[in-house]
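Just so you know, these numbers use all the heavy atoms, side chains as well, and skip hydrogens, waters and symmetry mates.
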Amino acid sequence: MGKVPSSFRAMPANLLVKKPTPSPPAPPRDFRNRTAVRDSTKLPENTQTPREPSLRNPFKSPNLSDAKSLFNSIAATSRIPLDLKFHNSVLQSYASIAAVDDTVKLFQHILKSQPKFRPGRSTFLILLSHACRAPDSSISNVHRVLNLMVNNGLEPDQVTTDIAVRSLCETGRVDEAKDLMKELTEKHSPPDTYTYNFLLKHLCKCKDLHVVYEFVDEMRDDFDVKPDLVSFTILIDNVCNSKNLREAMYLVSKLGNAGFKPDCFLYNTIMKGFCTLSKGSEAVGVYKKMKEEGVEPDQITYNTLIFGLSKSGRVEEARMYLKTMVDAGYEPDTATYTSLMNGMCRKGESLGALSLLEEMEARGCAPNDCTYNTLLHGLCKARLMDKGMELYELMKSNGVKLETNGYATLVRSLVKSGKVAEAYEVFDYAVDSKSLTDASAYSTLETTLKWLKKAKEQGLVV
């Protein structure tokens, strides 16, 4: 005893605030980054830069009495100053294994036993995050920490709101996060746009649209917290994902009335919604509207449009926009060509799609697994089995994995043409390459063989 455990010195003074992981939407520029990334200059001056602890937790058990004894022993014999960073590290370490009530009691013990200790804002943020994230913690614990904070002369600010809202949302307590934001806005300060949009995104994920609108209206009418362009983008993306394109266009009109001009990303989001529903004409209308408004399309715009037109069977029009894309200075990528190939295969133009593969490779664009499987599916559906098997052998030599549709179509086509041995070989490759699970691969083969047996019994095949 007598030495400060190195794990205390290595622990971060502030809690670890994780950035949400962006989800991969059709337009890859994920607007959630715009709502989640926080400027570090907004953190309090006494908040340390967080880093992962490299050593084990010095607290062996969550027992409060043992924790107090350990702290007292170190405090009585330490030769180094017990500063804010040290005390925060103690609380951070203990909070990782203890209940909220015991962590608060250890904090109060530290206050009593160390008269010179003055907790900083970062100290209360550690307690607040723990109160919000602990599995069995109630909202009363959150209020308890906030009251401690106020009683020690620190008013909750925007960072406080952000920590509480993010922590509650990330543990699935979205309703409590919503209520707490309104309470803190009323009593202390309104949230910044990052926190507001973070909560809005989580509400869109798990609540009905009318609940989301109620929140937006209440924050605007009662607290003068208004949605910005990112907020409208979140709302529009949400209704597009639920295939409610009428509501999306209504929100676009409201966006304009609020004084905002849609940007390229927002137009791409709406276009994606129309393309998902195979509404090519509407997608083209969005493209033309962009041009009229002086918003330049980007590569995502063209890829989305080509995908939508190809999906709705308008392949020639899609190829026209491919040329427009190149003229605008954007190189077609794997997604561009795969979308076109899919559209051509749907129209029965599988050989044309195969020639597009040559064009793609000639331009230095490498096909991926999806490209090969799209072509394989199309060739087999068109009963071009010689070409299909040539492509399959090429896929094997390149280690390309079979996708479910491509595998199922190839196996069925081989069995129907009497090439059962080849179908078994495809099954072996699908299993050995871990393209599919054993059960999934076998189920497809078994179903197809049962069909063959029944067809022979009925004299449908020889």
Side-chain angles (χ1 to χ4, degrees), residues 20 22-23 25-27 29-37 161 165 169 174-175 177-179 181-182 185-186 190-277 279-298 300-301 304-305 308:
S23 52
R29 182 164 69 88
D30 191 349
F31 63 80
R32 286 177 290 186
N33 287 337
R34 296 161 64 183
T35 66
V37 178
T161 304
V165 167
C169 285
V174 179
D175 284 326
K178 174 169 65 74
D179 293 339
M181 176 182 283
K182 291 189 288 187
T185 301
E186 182 179 10
D192 61 21
T193 56
Y194 300 97
T195 310
Y196 174 86
N197 287 328
F198 181 86
L199 177 56
L200 184 63
K201 174 170 66 70
H202 276 266
L203 286 170
C204 287
K205 281 183 178 180
C206 60
K207 298 295 178 184
D208 292 336
L209 191 58
H210 77 274
V211 175
V212 179
Y213 283 167
E214 284 176 3
F215 168 75
V216 172
D217 292 342
E218 189 172 358
M219 291 297 292
R220 182 192 60 234
D221 298 339
D222 295 350
F223 309 115
D224 199 33
V225 178
K226 301 175 182 178
D228 61 4
L229 181 58
V230 177
S231 311
F232 279 105
T233 304
I234 293 170
L235 292 169
I236 290 171
D237 184 69
N238 176 58
V239 296
C240 284
N241 287 336
S242 61
K243 301 179 181 180
N244 189 351
L245 277 304
R246 182 189 297 273
E247 189 68 20
M249 300 312 296
Y250 166 74
L251 286 169
V252 170
S253 67
K254 290 203 66 172
L255 181 150
N257 295 336
F260 297 107
K261 182 180 179 181
D263 59 6
C264 183
F265 177 72
L266 184 55
Y267 278 119
N268 289 347
T269 300
I270 300 170
M271 188 182 293
K272 177 189 71 174
F274 282 122
C275 290
T276 302
L277 297 176
K279 294 189 174 182
S281 297
E282 288 82 354
V284 172
V286 173
Y287 171 81
K288 292 179 178 178
K289 180 69 173 177
M290 288 177 69
K291 301 289 284 184
E292 291 172 5
E293 295 293 328
V295 178
E296 280 303 311
D298 61 9
I300 304 303
T301 310
T304 305
L305 188 55

For the student: nearest non-hydrogen atoms of [X] and [Y], plus distance:
X: Lys243; Y: Leu277; value: CD-CD2, 3.4 Å
X: Lys261; Y: Glu293; value: NZ-O, 3.0 Å
X: Ala283; Y: Cys275; value: CB-SG, 3.7 Å
X: Thr161; Y: Pro191; value: CG2-CB, 4.2 Å

Distance, nearest 0.5 Å, that separates [atom1] of [X] from [atom2] of [Y]:
X: Thr185; Y: Tyr196; atom1: OG1; atom2: OH; answer: 10.5 Å
X: Glu282; Y: Met271; atom1: CD; atom2: CE; answer: 12.0 Å
X: Cys264; Y: Met290; atom1: SG; atom2: CE; answer: 4.0 Å
X: Phe215; Y: Met181; atom1: CZ; atom2: CE; answer: 5.0 Å
X: Tyr287; Y: Thr301; atom1: OH; atom2: OG1; answer: 8.5 Å
X: Tyr213; Y: Leu203; atom1: OH; atom2: CG; answer: 13.0 Å

Worksheet entry | From CA spacing to verdict: side chain to side chain contact (heavy atoms under 4.5 Å, CB included), Lys226, Met219 | CA-CA 7 Å; Lys226 301 175 182 178; Met219 291 297 292; over 6 Å; no

Are any non-hydrogen side-chain atoms of [X] and [Y] less than 4.5 angstrom apart?
X: Leu200; Y: Val230; value: no
X: Pro190; Y: Phe223; value: no
X: Thr233; Y: Ile236; value: no
X: Ile234; Y: Cys204; value: yes
X: Val295; Y: Lys289; value: no
X: Leu235; Y: Glu247; value: no
X: Phe274; Y: Leu245; value: yes

Discussion item. Run Lys272 and Asn241 through side chain to side chain contact (heavy atoms under 4.5 Å, CB included) and show every step you take.
Written reply: CA-CA 9 Å; Lys272 177 189 71 174; Asn241 287 336; 3.6 Å; yes

Worksheet entry | Over 12 foreign heavy atoms within 6.0 Å of OH, Tyr250 |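 Not more than 12 within 6.0 Å, no.
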
Discussion item. Quick one: does any side-chain atom of Asp208 pair with a main-chain N or O of His210 as donor and acceptor, under 3.5 Å?
Written reply: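 Flag not set: sc Asp208 to bb His210 has no pair under 3.5 Å.
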
Worksheet item: Is there a salt bridge (Lys or Arg N to Asp or Glu O under 4.0 Å) between Lys201 and Asp237 once you walk through the steps?
Response: CA-CA 10 Å; Lys201 174 170 66 70; Asp237 184 69; over 6 Å; no

Item to complete: Output, in order, the C-alpha distance, side-chain angles, deciding distance and verdict of side chain to side chain contact (heavy atoms under 4.5 Å, CB included) for Asn268 and Val286.
Response: CA-CA 8 Å; Asn268 289 347; Val286 173; over 6 Å; no

Fill in: salt bridge (charged side-chain N to carboxylate O under 4.0 Å, His left out) contacts in which one or both residues fall within residues 210-219, not counting sequence neighbours
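For residues 210-219: Lys182-Glu218, Asp217-Arg220.
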
